[in-house]
Amino acid sequence: MIKTIAYICSKAYFMNSKIILFFSLFLLFSCKKETEARKIEKEKEPVETIETVASQPEEGFHFENFPIEKGQLGPIKVGTSLEDAEKHLKELTRKRCDPFDFGYDGGGDAYIYYWKDQPIVALVPERDSNTLLAIAALHKKLKTDKGLHPEATIKDILQLYGDLPIHQNLMMSWEFMHDEKTDWEFVFMKDPEHQVGTYENTDSPGKVTDTNAKIDWITIR
């Protein structure tokens with residue numbers, strides 16, 4: 001009888017052990033599945049990224065090195081050779097144009113210098129000697145010490161210079177303001193039917209009527 005009870009107890013203990021083992025394996029498997037499910041769900045969630053700007057040299061033309069000054073644009077001076085001037089424009093591409101486009105006659109070639117598709121500056125040399133007669137600042141980031149630049153308005157000019165006269169160039173069909181101290185010309189290429197100023201005669205300065213007109217380029221002589 002005692003042996004029978006002992007056998008039954010050992011059998012029961014063995015069964016309980018199997019049940020506990022089975023239950024433990026079930027819990028372990030369930031936890032593993034839940035962990036994998038969470039992992040998959042987390043992988044599907046959008047990842048938040050933080051963009052950082054690397055400190056790299058700026059590509060392009062360094063306008064800050066080319067201020068508009070009396071007789072020069074940065075290191076490029078009127079009276080120097082075209083070859084010397086072009087040493088400072090190596091980043092740019094060159095296209096030929098007619099000097100007449102900038103009000104100079106006598107044949108030869110002038111040159112417009114581009115950064116990609118943006119015209120930056122034009123150089124007008126003498127026909128025979130290649131000595132620079134004039135420089136045309138074309139880009140709005142080329143500035144005088146007072147902050148004037150192509151695309152600045154007549155209103156900006158008048159605030160700095162006061163009552164600066166407006167003139168017309170009948171041969172070129174444009175108008176201009178002339179700073180006698182620096183010998184700069186602020187050129188305005190307007191439609192003849194919508195001029196910047198009104199004129200009593202062809203030889204006298206006019207009166208500004210459109211203060212919002214913008215400078216097309218600044219000629220340095």
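Residue numbers start at 1 and run along the sequence shown.
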When you look at F188 and I154, which way does the side-chain contact (heavy atoms from CB on, under 4.5 Å) test go after all the steps? CA-CA 9 Å; F188 307 91; I154 286 185; 3.5 Å; yes
Given the rule in the side-chain contact (heavy atoms from CB on, under 4.5 Å) test, do H88 and L73 qualify, once you have shown the distances and angles that lead to the verdict? CA-CA 11 Å; H88 304 287; L73 180 68; over 6 Å; no
Residue pair [X] / [Y], side-chain donor-acceptor N/O under 3.5 Å:
X: E86; Y: Y113; result: yes
X: D183; Y: H178; result: yes
X: H167; Y: E175; result: no
X: N130; Y: E83; result: yes

NZ/NE/NH1/NH2 to OD/OE distance under 4.0 Å, D210 and K190: yes
Report yes if the side chains of [X] and [Y] come closer than 4.5 Å at any heavy-atom pair, otherwise no.
X: I166; Y: Y199; answer: yes
X: L138; Y: F102; answer: yes
X: T80; Y: T131; answer: no
X: L89; Y: I76; answer: yes
X: V196; Y: Q168; answer: no
X: K155; Y: N212; answer: yes
X: I120; Y: F66; answer: no

Are K141 and F61 in a cation-pi contact, defined as NZ or CZ under 6.0 Å from the six-membered ring centre and within 45° of the axis? no
K143 NZ/CZ over F63 ring centroid, <6.0 Å and within 45° of normal: no
Out of curiosity, [X] [atom1] to [Y] [atom2], how far, rounded to the nearest 0.5 Å?
X: L123; Y: L133; atom1: CG; atom2: CG; answer: 11.0 Å
X: K146; Y: T182; atom1: NZ; atom2: OG1; answer: 8.5 Å
X: I220; Y: K77; atom1: CD1; atom2: NZ; answer: 13.0 Å
X: L132; Y: E126; atom1: CG; atom2: CD; answer: 9.0 Å
X: K87; Y: D84; atom1: NZ; atom2: CG; answer: 4.5 Å

Can H149 and L142 be said to form a side-chain contact (heavy atoms from CB on, under 4.5 Å), step by step? CA-CA 6 Å; H149 55 85; L142 297 173; 5.9 Å; no
Determine, using the 4.5 Å side-chain heavy-atom cutoff (strictly less than), whether L170 and F176 are members of one ILVMFWY cluster. no
Would you name the heavy atoms of [X] and [Y] that are closest together and state the gap between them?
X: P150; Y: A137; result: CG-O, 3.2 Å
X: Q118; Y: H139; result: OE1-NE2, 2.8 Å
X: A110; Y: P125; result: CA-CD, 4.1 Å
X: I215; Y: I157; result: CD1-CD1, 3.7 Å
X: D117; Y: P119; result: O-CD, 3.5 Å

On the 0 to 90° scale, with breaks at 30° and 60°, tag the F186-W184 ring pair as parallel, tilted or perpendicular. perpendicular
In terms of ring plane angle, is the pair W217 and W174 parallel, tilted or perpendicular, where the classes change at 30° and 60°? perpendicular
Residues that P67 engages under side chain to side chain contact (heavy atoms under 4.5 Å, CB included), provided they are two or more places apart: E69
Member of R94, R127, K95, R96 meeting the salt bridge (charged side-chain N to carboxylate O under 4.0 Å, His left out) criterion with D109: R96
More than 12 foreign heavy atoms under 6.0 Å from CG of D191: is that the case here? yes
Give a yes or no on whether the backbone of S204 and the side-chain of N201 come within a donor-acceptor separation of less than 3.5 Å. yes
For Q72 and G74, indicate whether the former's side chain and the latter's backbone hold a donor-acceptor pair under 3.5 Å. yes
Decide side-chain contact (heavy atoms from CB on, under 4.5 Å) for T219 and R221; before the verdict, give the C-alpha distance in whole Å, the side-chain angles of both, and the deciding distance to 0.1 Å. CA-CA 6 Å; T219 302; R221 301 184 300 191; 3.8 Å; yes
